[in-house]
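These numbers come from the heavy atoms of this one structure, side chains and all, not from hydrogens, waters or symmetry mates.
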Amino acid sequence: MKENKQLLSSQEEIKQKEFQQEAITHIHALYNYALHLTMNPSDAEDLVQETYLKAYKFFNSFERGTNCKAWLFKILKNNYINKFRKNAREPGKVDYDLIKDFYHTIKDVQSDTTEAESDFFHSLLHEEVYQALQSLPEEFREVIQLCDIEGFTYEEIANMVESPIGTVRSRLYRGRKLLRAKLEDYAKKHGYDTDSGE
Amino acid sequence: MSAAIDGELTAKEEQDLLTHLDECAECRAEYQDARNTKVILRERIVRVQAPQTLMDSIINMSIMT
């Protein structure tokens, strides 16, 4: 009996170690994703917390060798849908005041961190980009975010959004086209115009 | 076009695209615009650190569970 208990605790210890190495390292990416989904730091914290609780509980079902970050993002997204679907914003409706408030909140959060000072003036420039991204229809915004900001592959994104790779591809194409139109002035103003493409 | 920017083309597809871009100014401009959009997002979107309290509570959760 005692041996069993010891065996169990050493197995649990291995699981804890692996979980910390594989899963907890992605906490900043998950928190950022949660922030963008909820637009509220306290909801984002809850969402990340619940995601890790669930992930730990089902860690045995995580397929070793696959991308743990993608697995965690999918759990977080499902949690978000279950929890916030009721309050999800209507498609096509963009609350610019909410985006602006949220943006300033995260900027303030950032200024508590050590990197803040040098990034502060950059942050002021970011707002326009952030608003442009947030104003896209959700199906486009989501794939762009997962691809360009989080760096997931098409296959991982397809799995997360439960759509075929072809759909991901076409959403990326159409979403980027919309975004490009919105960011045209920004790109010119900040030296991202076509001529300086290299 | 998007797939090219994301490194999701096969070698053959990529070669075909590059050949086409050499010949077609319109597609070349679109390709560069699309690539710029990706670069803007990567460089300009604010990333924040998860709060220390959240990190602590998750580490504790995995130890205590």
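- For Thr153(A), the parts sitting under 4.5 Å from any heavy atom of chain B are the backbone and the side chain alike.
- Both the backbone and the side chain of Met55(B) come within contact range of chain A, each with at least one heavy atom under 4.5 Å from a heavy atom of that chain.
- Looking only at heavy-atom pairs under 4.5 Å with chain A, the residue among Arg42(B), Lys38(B), Glu8(B) that has the most is Glu8(B).
- Your options are Arg180(A), Arg169(A), Arg176(A), and the one with the most heavy-atom pairs under 4.5 Å with chain B is Arg180(A).
- Heavy atoms closer than 4.5 Å to chain B are found in the side chain of Glu150(A), but not in its backbone.
- For a residue to count as touching a neighbouring chain, one of its non-hydrogen atoms must lie under 4.5 Å from one of that chain's; by this rule Phe19(A) touches chain B with the side chain only.
- In this structure a side-chain-to-backbone donor-acceptor pair under 3.5 Å is missing from Asp6(B) to Cys147(A).
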Exercise. Stepwise, does the ring pair (Phe, Tyr, Trp, His ring centres under 6.0 Å) test hold for Tyr130(A) with His36(A)?
Worked result: CA-CA 10 Å; Tyr130(A) 194 72; His36(A) 292 300; 5.0 Å; yes
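- Side-chain N or O atoms of Glu50(A) include none that pairs as donor or acceptor with a backbone N or O of Leu47(A) at under 3.5 Å.
- We find that Lys77(A) and Glu142(A) are joined by a salt bridge, their nearest charged nitrogen and carboxylate oxygen being less than 4.0 Å apart.
- Using a 4.5 Å cut-off between heavy atoms, Gln20(A) contacts chain B through its side chain alone, with no backbone atom that close.
- Interface remark: Ala29(A) contributes backbone and side-chain atoms alike to the contact with chain B (heavy atom separation under 4.5 Å).
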Acceptor/donor pairs from residues 157-167 of chain A side chains to any protein atom, 3.5 angstrom cut, sequence neighbours excluded:
from, atom 1, to, atom 2, distance (Å)
Glu162(A), OE2, Lys74(A), NZ, 3.4
Ser163(A), OG, Val161(A), O, 3.3

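- The most heavy-atom pairs under 4.5 Å with chain B, out of Tyr154(A), Tyr52(A), Tyr173(A), Phe59(A), come from Tyr154(A).
- The environment of Glu23(B) atom CD is dense: over 12 non-hydrogen atoms of other residues, nucleotides or ligands sit within 6.0 angstrom.
- In this structure, chain B has a heavy atom under 4.5 Å from the side chain of Ile24(A), while its backbone stays farther away.
- Of the inter-residue distances, the one linking Leu146(A) atom CG with Lys69(A) atom NZ reads 9.0 Å to the nearest 0.5 angstrom.
- Arg171(A) places no side-chain N or O within donor-acceptor distance of the main-chain N or O of Phe140(A), the cut-off being under 3.5 Å.
- Of the atoms belonging to Thr37(B), it is side-chain heavy atoms, and not backbone ones, that fall under 4.5 Å from chain A.
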